Amino acid sequence: DGVVVIDDVDVAVATRAAKVFDTPVKHARVHVGRDSQSKMRLWLDAETEGDASDGLQIVNESVLRNVVGDVFADWDLQGPLQTRLKLELNLDEKPQPRVELETEWSGVSANIPGLDLRIERLSGAAFYKTDSGFSSNGLTAWLWDAPLTANLEQELADGKPGPLQVQFEGPVDVDNVREWLDLDLLRFAQGATDFSATLDISGEREVLFRINSTLEGVALDVPSPIGKAASEIRDLTVQDRKSTRLNSSHSSVSRMPSS
């Protein structure tokens, strides 16, 4: 439902009601016409408010898939999402469109089968621009009943987006890590500690997952040099280059230097 105005080669459309998948469009404006160089262009400015599952579908079925590949193909998002999309497309030469995407998350749940993780209460703002890639502001979430802070970063190389980097940190109970990694050696560990993690996502279907922790607050009831008291600091790094569930086995702990 909307208004269409045609003036020679210029076409302007303003909608009063529309949908993208199942998400209502609050407003949208489309303009097709010639720019200052007499090139035919399309400009789109739209705002939507609906479920995050539709936002994920847009990422997986739009030009953004060239950036993230199939990494988000099996993710499941549920919860309120507000989106504003600006798009500019050269219709004569048909290069990649210029995209500006602003999203506001409000208590979204994210199920990530490839990593066997479920993130709850995801809130904050995330952005995408063709010239600068993904970024974020004030992202927070809950994992294993504990709060997390998160951040999105992406650097450009030769004018092209590099890997999308998802960073998050917060407290974690070792019992949850043991169950998640199915790591038998962690049955000798007790306590909770702070951790930081990075997920490097490339458009070539490759994911590099890194976890870092000092293990302060975790006791390891095993012989020296791996055993430690809860108050002792011992750096631990877990790294895996897969897009499926981590398969770190006991080698993850063996990377922990002894004091």
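Predicted model, so just to flag it, every value in this text is computed and none were measured. For this chain, numbers begin at 1 and follow the sequence in order.
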Scan side-chain atoms only and decide if [X] and [Y] contain a donor-acceptor pair under the 3.5 Å cut-off.
X: Ser109; Y: Glu120; value: yes
X: Asp235; Y: Thr214; value: no
X: Gln167; Y: Glu169; value: no

To the nearest 0.5 Å, what is the distance between [atom1] on [X] and [atom2] on [Y]?
X: Arg41; Y: Asn90; atom1: CZ; atom2: CG; value: 4.5 Å
X: Gln190; Y: Asp173; atom1: CD; atom2: CG; value: 9.5 Å
X: Glu153; Y: Ser135; atom1: CD; atom2: OG; value: 9.0 Å
X: Lys39; Y: Leu89; atom1: NZ; atom2: CG; value: 13.0 Å

Just so I know, are the side chains of [X] and [Y] near enough to count as touching, which here means a heavy-atom distance under 4.5 Å?
X: Phe188; Y: Leu220; answer: no
X: Asn212; Y: Phe195; answer: no
X: Leu44; Y: Leu85; answer: yes
X: Thr193; Y: Val172; answer: yes
X: Tyr128; Y: Gln154; answer: yes
X: Ile119; Y: Ile112; answer: yes
X: Gln82; Y: Glu47; answer: no
X: Thr198; Y: Phe168; answer: no

Note to self: side chain to side chain donor-acceptor pair (under 3.5 Å), that's the test. Do Ser136 and Asn151 meet it? Break it down for me.
What the structure shows: CA-CA 6 Å; Ser136 65; Asn151 187 51; 3.1 Å; yes
Check: Any chance CZ of Arg210 has more than 12 other-residue heavy atoms, nucleotides or ligands included, within less than 6.0 Å?
Finding: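 Atom CZ in Arg210 is crowded, with more than 12 foreign heavy atoms closer than 6.0 Å.
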Item checked: Heavy atoms from other residues, nucleotides or ligands near CG of Asp76 exceed 12 (cutoff 6.0 Å) ->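 For Asp76, atom CG is crowded (more than 12 foreign heavy atoms under 6.0 Å).
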Looking at [X] and [Y], what are the two nearest heavy atoms and their distance?
X: Glu232; Y: Arg234; result: OE2-NH2, 2.8 Å
X: Ala52; Y: Val108; result: CB-CG1, 3.9 Å
X: Ser123; Y: Gly107; result: OG-N, 2.9 Å
X: Pro171; Y: Pro147; result: CD-O, 3.3 Å
X: Trp105; Y: Ala126; result: NE1-CB, 3.6 Å
X: Ala110; Y: Leu77; result: CB-CD2, 3.4 Å

Note to self: Assess the residue pair Trp75 and Leu56 against the criterion (side-chain contact (heavy atoms from CB on, under 4.5 Å)); give the C-alpha distance rounded to whole Å, side-chain angles, the decisive distance to 0.1 Å, and a yes or no.
What the structure shows: CA-CA 8 Å; Trp75 286 35; Leu56 181 62; 3.9 Å; yes
Membership question, hydrophobic clusters at under 4.5 Å side-chain separation (ILVMFWY): are [Y] and [X] in the same one?
X: Trp142; Y: Leu117; value: no
X: Leu87; Y: Leu81; value: yes
X: Trp43; Y: Val30; value: no
X: Val166; Y: Phe127; value: no
X: Leu148; Y: Trp144; value: yes

Note to self: Taking side chain to side chain donor-acceptor pair (under 3.5 Å) as the criterion, tell me which of Arg84, Lys86, Arg29, His31 meets it with Asp45.
What the structure shows: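 Among Arg84, Lys86, Arg29, His31, the one meeting side chain to side chain donor-acceptor pair (under 3.5 Å) with Asp45 is Arg84.
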Next item on the list: Kindly write out the residues that satisfy salt bridge (Lys or Arg N to Asp or Glu O under 4.0 Å) with Arg34, not counting sequence neighbours, or none if the list is empty.
Entry: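 None.
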With a 3.5 Å distance limit and no angle check, can you tell me whether [X] reaches the backbone of [Y] through a side-chain donor-acceptor pair?
X: Ser213; Y: Asp194; answer: yes
X: Thr140; Y: Thr149; answer: no
X: Thr83; Y: Thr48; answer: no
X: Lys228; Y: Val222; answer: no
X: Asp200; Y: Gln165; answer: no

